[in-house]
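Contents: one structure, followed by commentary.
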Amino acid sequence: MSADGALEQRTGSTSRRVPGLSVVIPAYNEERRLGPTLDAVTRHLEAGGGTWEIVVADDGSTDATRELVTLRRDPRIQLVTGPGNRGKGHALRRGIAASRGRRILVMDADLAAPVEELAHLDRALADGNAAAVGSRALPGATLGERQHRIRELLGTAGNFLIRRTVLRGIRDTQCGFKLFDGDKARAAFAASRLDGWAVDVEVLRHFQRAGWPVAEVPVRWSHRPGSKVRPLDYPRFLRDLARLRMAAVRPVDASAVLLFLVMAVALYSGRVLDPAHRYLTDSLQDQNQWEWFFAVTADNVAHLRNPLRTDLQGFPDGVNLMANTTMPGLSVPLTPVTLLFGPAVALSLVMTLGLAATAAAWYRLILKRLVRRRTAAFVGATLAAFAPPMVSHANAHPNFVVLFMIPPIVDRALRLAEASDGPGSRHTRDAVALGLMAAYQLFLGEEALLLAAVGMLLFAAAHAAVRPDVARAAVRPLARGLAIAAAVCLPLVVYPLAWQFSGPQSYTGIDHGAGTANTVRALLSFAERSLIAGDAARADALSLNPTEQNAFYGWPLLLLALAITARLWRRPAVVALALTAFAAAVLSLGPDLHIPLTGVTVPGPWALLADLPLFESVIESRVALVCAPALGMLLAVAIDELARARRLGTQYAGLLAVGLALLPLVPAPLRSEPRAEVPAFFTDGTWRGHVRDGETLVPVPLAEPGAAEALHWQTAAGLGFRMPGGYFNGPYGDGDRTGVYGVPLRFTASLLRDVRETGVVPVIDARSRAEARTDLAYWRAGALVLAPQPHQDALRETVDKLVGHRGRRVAGVWVWDLHEGS
């Protein structure tokens, strides 16, 4: 019988009363368990009085389930059938449609939750709820015989995933004992589309979206043998959750995320389609370094080695990977991608998708916290993620581009400040989540987390100055939440941090040299990669290099921000954001503030932080990165306000001002160039014939921060050989733990670098040869290799004289096999 036919049969006579309760039981091959369940339910309902019906929704059983129901003589027990085994959701949809009760109890055929528990659910509906969900996860629930441990773990993980993705507030959606308001249940199930086990989630989400209150009620529950859940049902359940999640995304939000991805792809258009053979021109040597970081992390993971160190570079001392920005939060989970497609592809994916994800995260935060109009949130998030400093770092520094965890961290901190001071579970959950997020962000980028903390402290101080009453109320819950977050975070990061600061090849602060602070002129000027107003010469003169253009917001945007603040100064959030941006900009000017047009220099606030632990290694101009989200949020608020303006003239003038401020900031695609071919000596494995176990291959000259192409050769060779020198952060050596880039140059390394830079062959005497022998022994060198490069003839002649024999041309390089001269 079809659902429609059953409904017509059951409602065709107006003389029949609408029952007070319908019990709907989905069934598939339940001939052994259904009979006792029907007997128990019938006895309980008869004893309770009132009118009722039982609807068994058969899901294409192949045993005697249907006959067991039809042979019953009670007209209140009805059967609804359908063709084939379609799933619990399909059966329930038919059974609910055929029901007539003012209330509907949905229960499983195994009677895992006794029907006597109905009284608890009844009281929840009497209290004004539209649905009452039996729960095994709430305090007060009683568990008899338990499921297999693996099934319990899968169920717990599934419920956690459900709460995090599609349905918040309900801890146990899959307990088969639920009581609904009849009409609302029929509407919700009629709107459902899932045929599988996830229909419970879909229906409860329908109730939440409709504003119909749902109560979760602890019940008695015991596992019954004969479960119909099969291993393949778990991936199907995940598939259905993904369908629900996608359906929950509004088309306009999906369009925003897609646009963010398009913008990220456009920015990286010179590399994204062929990352293995294209090089970002302005990345200097950082692309080589980052690809090496991803490659060595994947190699360590694949071979179950310590992911926090390696001696493949900087031999024999090696590299403290935790003391370098290797982003293990992504490089470790992306190990399969790196091994299958190469580190260039992995890095390109991280930077492109990470930039789009960062913009999407700011969009979500701005929409949730500040504005209602999605256009305003989109513009603000675009500025937060694609501001000129971010585009500059997009050349070379994924740790400052992939910031998708920062907005959720900000949101959780705000939730802690807003919570009551009591030990409520939500407050504790938020604190635990904040601790986990902070720990994960630490493995994405510690400096970014530090700058985010600075930005949040600046905002908190500014907001407290504007709203001291709110600040006072937030102190206790925020302090308690941060304490819990710290207790969660620290155990996860204490060992990696101990390795970073005290392990092998750890170092203290690192001196970045002069000119690391911003200037007021840099803040007011336009970036090199500005599509319209870019001036490479000016930007280069006002910054360290193309990857460190940490200001360049442009005077139109800063004037607009000032106007927004003046116009909306009554809004505390606006004033706090403006003060945050201003304070971050001032900090980025460094320890000495140069007053424009006066020649006067005064101590700046950065002087108070410059020598503190952690801050001593920060390039102070990077603090201006905090301005990007603050200015983006100001812009979003302004656009949201303009949309509510009554006069069209006001709207047009405001939007024109926004357009004029943002137009000079639109970036051109990042420059790229074809990558130099890796010599066949490395790609075809020829190097293996020249390096024995425990030996190194010495590039001529050695890899260093200014010339790190040898790192690319090493990754192309599958990290099969070690080498001295390199491009990484480490201690100066000989007891001096001051941080430096690369390694201190020994005699031979310094001499070869001088030849590369000058093309002049030095005088090689006995002392020089002795120094070279000492260095080669220290490096355990098996061979020296000279790849094609400028001044290669001078380099070849120099090495000939140092090692005492001529090199041989092998597979596109010159090789000095030190075993030949031993």
Side-chain angles (χ1 to χ4, degrees), residues 263-264 266-272 279-287 289-290 325 347-348 350-352 354-356 358-359 362 382-403 406 445 447-448 451-452 455 512-513 515-555 557-558 581 584-585 587-590 618-632 662 664-673 705:
M263 288 189 287
L267 187 67
Y268 286 113
S269 57
R271 180 184 67 172
V272 71
Y279 196 87
L280 291 177
T281 307
D282 291 333
S283 74
L284 307 178
Q285 293 299 314
D286 285 19
Q287 184 173 330
Q289 183 194 51
W290 274 99
T325 50
L347 178 63
S348 180
V350 164
M351 298 182 79
T352 306
L355 181 57
T358 300
W362 285 120
T382 300
L383 180 59
F386 292 89
M390 302 301 178
V391 172
S392 172
H393 284 281
N395 279 295
H397 302 146
N399 54 315
F400 285 113
V401 172
V402 184
L403 303 175
I406 300 299
E447 191 172 347
L451 293 179
H512 299 287
T516 56
N518 285 327
T519 64
V520 174
R521 187 182 176 194
L523 291 167
L524 298 174
S525 299
F526 300 113
E528 176 180 349
R529 298 310 300 158
S530 170
L531 186 62
I532 295 175
D535 187 331
R538 175 179 295 178
D540 185 59
L542 296 173
S543 62
L544 279 175
N545 56 59
T547 72
E548 293 289 350
Q549 294 177 3
N550 294 310
F552 302 97
Y553 290 100
W555 59 266
L557 178 61
L558 299 184
L587 284 172
S588 78
L589 298 178
V618 172
I619 296 176
E620 56 264 42
S621 64
R622 290 177 176 174
V623 182
L625 296 175
V626 173
C627 299
L631 292 172
L662 294 182
L665 305 185
V666 175
L670 301 179
R671 295 187 297 173
S672 68
E673 58 192 33

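Predicted model, so just to flag it, every value in this text is computed and none were measured.
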Is a donor on one side and an acceptor on the other found under 3.5 Å between the side chain of [X] and the backbone of [Y]?
X	Y	result
E528	A539	no
S530	P664	yes
Y268	N395	no
R529	G534	no
Y553	A628	yes

Who pairs with T281 by side chain to side chain contact (heavy atoms under 4.5 Å, CB included), at least two apart in sequence or on another chain?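 For T281 the side chain to side chain contact (heavy atoms under 4.5 Å, CB included) partners, ignoring immediate neighbours, are R671, E673.
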Write out all pairs satisfying side-chain hydrogen bond (donor to acceptor under 3.5 Å, both in side chains) with one or both partners inside residues 534-545, taking only residues at least two apart or from two chains.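 Qualifying pairs, neighbours excluded: N545-T547.
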Quick one: [atom1] on [X] to [atom2] on [Y], what's the gap to the nearest 0.5 Å?
X	Y	atom1	atom2	value
H397	S392	NE2	OG	8.0 Å
Q549	N518	CD	CG	10.5 Å
L665	I532	CG	CD1	9.5 Å
W362	T382	CH2	OG1	13.0 Å

Considering all heavy atoms, the nearest [X]-[Y] contact:
X	Y	answer
P388	A527	CB-CB, 3.7 Å
G270	S672	O-OG, 2.9 Å
V401	A394	CG2-CA, 3.5 Å
L355	A385	CD1-O, 3.4 Å
V350	P398	CG1-CB, 4.4 Å
C627	A584	SG-CB, 3.9 Å

Matching residue for V623 among L589, N550, L587 - test: side chain to side chain contact (heavy atoms under 4.5 Å, CB included): L587
Do V391 and L670 pass the side chain to side chain contact (heavy atoms under 4.5 Å, CB included) test, and can you show the C-alpha distance, the side-chain angles, and the key distance before you say yes or no? CA-CA 8 Å; V391 172; L670 301 179; 3.9 Å; yes
Can you list the residues that meet the salt bridge (charged side-chain N to carboxylate O under 4.0 Å, His left out) rule with [X], with sequence neighbours excluded?
X	result
D286	none
R271	none
E620	none

Compare all side-chain heavy atoms of [X] with those of [Y] and state whether any distance is below 4.5 angstrom.
X	Y	value
F552	L542	yes
R622	L451	yes
M390	T358	no
L631	L558	yes

Just by distance, with hydrogens left out, do H393 and N399 show a side-chain donor and acceptor under 3.5 Å apart? no
For F386, which residues count as a ring pair (Phe, Tyr, Trp, His ring centres under 6.0 Å) partner, sequence neighbours excluded? none
